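What you see is a predicted model; the values in this text were computed from it and never measured.
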Amino acid sequence: MSTVFDTNLAAVRTALASFVGCAPSAFLTETLTVVDRPEPPVWPYVALAATFGTGTVLSVDRDYLAFAETVLPKKHYHATLPSFLGQIAEESRRRGTNPPVSVPQLGWTLVTVPDAPLVPAGLVLRVVDAEWMAEEMQQRRFENGVGLPGEGGREFRNKYGVALFDRDGAPAAVAGTFLTYADPIREIGVDVANAHRGRGLGRVVVAAAVREILERGEVPMYGCAPTNIRSQRTALSTGFLPAFSDAAVG
């Protein structure tokens, strides 16, 4: 594996460890490590499980720690599955709350730096700031690129992005970057406007976003659902490989 991958993987592992409250080495134990959720949490999950395949960490609100330890799965990486996390969610419902259970998400780490993308004729590539992203968010047309109002904390997590604009100045595709886990990780979310799909514009803006992140001395990361095949192809074509998975209650 490349030095780029190893360096970025270590950075993601360290940031994720800080986020869930464990040592980075806990992801290398080939076992399940259970830890108290940090207080106060960056966002108030009941439980979060993350695995790099070489070890899994389950971070739990201390009020649910004793219960979680009674239902731990036999295989460490099964802690990210709904069959396990759903039991914690059910216990939470029994106690009077109703937290959602997320499906396991794939986390991708950069293995090769993409070349500078070729911008299609008739479009302009531009770096956009968090203020532009906040204004665009109100239009609700780039759920991944800029986020939706009141969902996922993108109002305060968004940092900057790269967008393609058409001749009328309307955004055709956006790859927004936002804080995930801890600095210096910058996750990339991408969307292409319906009228411009099928032209490879997702790859253009993601490649440009990766290069912008690296120029700022930060670490790019890509995330998507395991069922989102189109997004996975974009990740592969812009230099990423799947490296870890996480899922949460709350």
Side-chain angles (χ1 to χ4, degrees), residues 1-2 4-95 97 99-111 152 180-182 185 187 219-229 231-232 235-236 240-250:
M1 199 63 66
S2 75
V4 172
F5 182 82
D6 292 339
T7 299
N8 285 284
L9 182 63
V12 171
R13 187 186 296 120
T14 298
L16 182 50
S18 173
F19 182 72
V20 301
C22 70
S25 58
F27 291 112
L28 305 174
T29 62
E30 299 290 350
T31 61
L32 177 60
T33 302
V34 182
V35 298
D36 285 344
R37 184 192 70 184
E39 296 290 350
V42 176
W43 51 274
Y45 59 84
V46 176
L48 185 148
T51 184
F52 287 77
T54 52
T56 303
V57 172
L58 174 67
S59 178
V60 187
D61 181 323
R62 61 179 54 121
D63 290 340
Y64 292 85
L65 190 58
F67 172 80
E69 290 178 334
T70 68
V71 294
L72 295 179
K74 293 182 179 179
K75 296 182 178 180
H76 67 86
Y77 46 85
H78 285 178
T80 62
L81 298 180
S83 57
F84 167 66
L85 292 174
Q87 296 178 80
I88 299 177
E90 182 60 32
E91 175 65 12
S92 184
R93 285 190 286 270
R94 189 184 69 79
R95 300 185 189 189
T97 61
V101 180
S102 67
V103 299
Q105 296 290 301
L106 288 177
W108 301 67
T109 300
L110 195 68
V111 64
T180 289
Y181 307 135
I185 308 303
E187 185 171 350
V219 177
M221 192 199 98
Y222 193 95
C224 68
T227 54
N228 193 337
I229 304 303
S231 188
Q232 291 179 43
L236 288 168
F240 289 92
L241 283 180
F244 66 100
S245 180
D246 66 11
V249 177

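- Distance check: Glu69 CD to Tyr64 OH gives 15.5 Å after rounding to the nearest 0.5 Å.
- Of all non-hydrogen atoms in Arg93 and Gly86, the two that sit nearest each other are NH2-O, 4.3 Å.
- Residues Phe67 and Arg95 meet the side-chain proximity criterion, which asks for heavy atoms closer than 4.5 Å.
- Between Phe240 and Leu106, the closest side-chain pair of non-hydrogen atoms is not below 4.5 Å.
- A heavy-atom distance below 4.5 Å is found between the side chains of Phe27 and Cys22.
- In this structure, Lys74 NZ and Leu32 CG are separated by 14.5 Å, a value rounded to the nearest 0.5 Å.
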Subject >> Steps toward side-chain contact (heavy atoms from CB on, under 4.5 Å) verdict (Val57, Leu16) >> reply: CA-CA 10 Å; Val57 172; Leu16 182 50; over 6 Å; no
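- The shortest side-chain heavy-atom distance between Phe244 and Met221 falls under the 4.5 Å cut-off.
- Taking the side chain as every heavy atom from C-beta outward, Leu236 and Leu241 approach each other to under 4.5 Å.
- Screening Thr54, Thr56, Thr33, Thr29 for a side chain to side chain donor-acceptor pair (under 3.5 Å) involving His76 leaves a single residue, Thr56.
- Pairing each heavy atom of Pro226 with each of Gln105, the nearest pair is CD-CA, 4.4 Å.
- Side chain of Glu91 to main chain of Gln87: no donor-acceptor pair is present (N/O by atom type, distance under 3.5 Å, no hydrogens or angles).
- Side-chain N or O atoms of Ser92 include none that pairs as donor or acceptor with a backbone N or O of Ile88 at under 3.5 Å.
- The two atoms that bring Val111 and Val4 nearest to each other are O-CB, 3.5 Å, heavy atoms only.
- In this structure, Pro24 and Ser18 have side chains that are not in contact, with every pair of non-hydrogen atoms separated by 4.5 Å or more.
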**OP:** Please report the C-alpha distance between Ser59 and Tyr45 in whole Å, then the side-chain angles of each, then the deciding distance to 0.1 Å, and finally whether the side-chain contact (heavy atoms from CB on, under 4.5 Å) criterion is met.
**Re:** CA-CA 9 Å; Ser59 178; Tyr45 59 84; 2.8 Å; yes
**OP:** Tell me, with the steps shown, if Tyr181 and Asp246 meet side-chain contact (heavy atoms from CB on, under 4.5 Å).
**Re:** CA-CA 12 Å; Tyr181 307 135; Asp246 66 11; 2.4 Å; yes
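- Residues Cys224 and Gln232 form a side-chain contact, since some pair of their non-hydrogen atoms from C-beta on lies under 4.5 Å apart.
- Residues Phe52 and Thr109 fail the side-chain proximity criterion, which asks for heavy atoms closer than 4.5 Å.
- In this structure a side-chain-to-backbone donor-acceptor pair under 3.5 Å is present from Thr80 to Tyr77.
- Taking the six-membered ring for Trp and thresholds of 30 and 60 degrees, Tyr222 and Trp108 have ring planes more than 60 degrees apart, a perpendicular arrangement.
- Between Leu9 and Ala243, the shortest heavy-atom distance links the atoms CD1-CB, 3.7 Å.
- Heavy atoms only, all atoms of each residue included: Leu110 and Asn8 are closest at O-ND2, 4.1 Å.
- Between the CG atom of Leu85 and the CG atom of Leu81 there is a distance of 8.0 Å, given to the nearest 0.5 Å.
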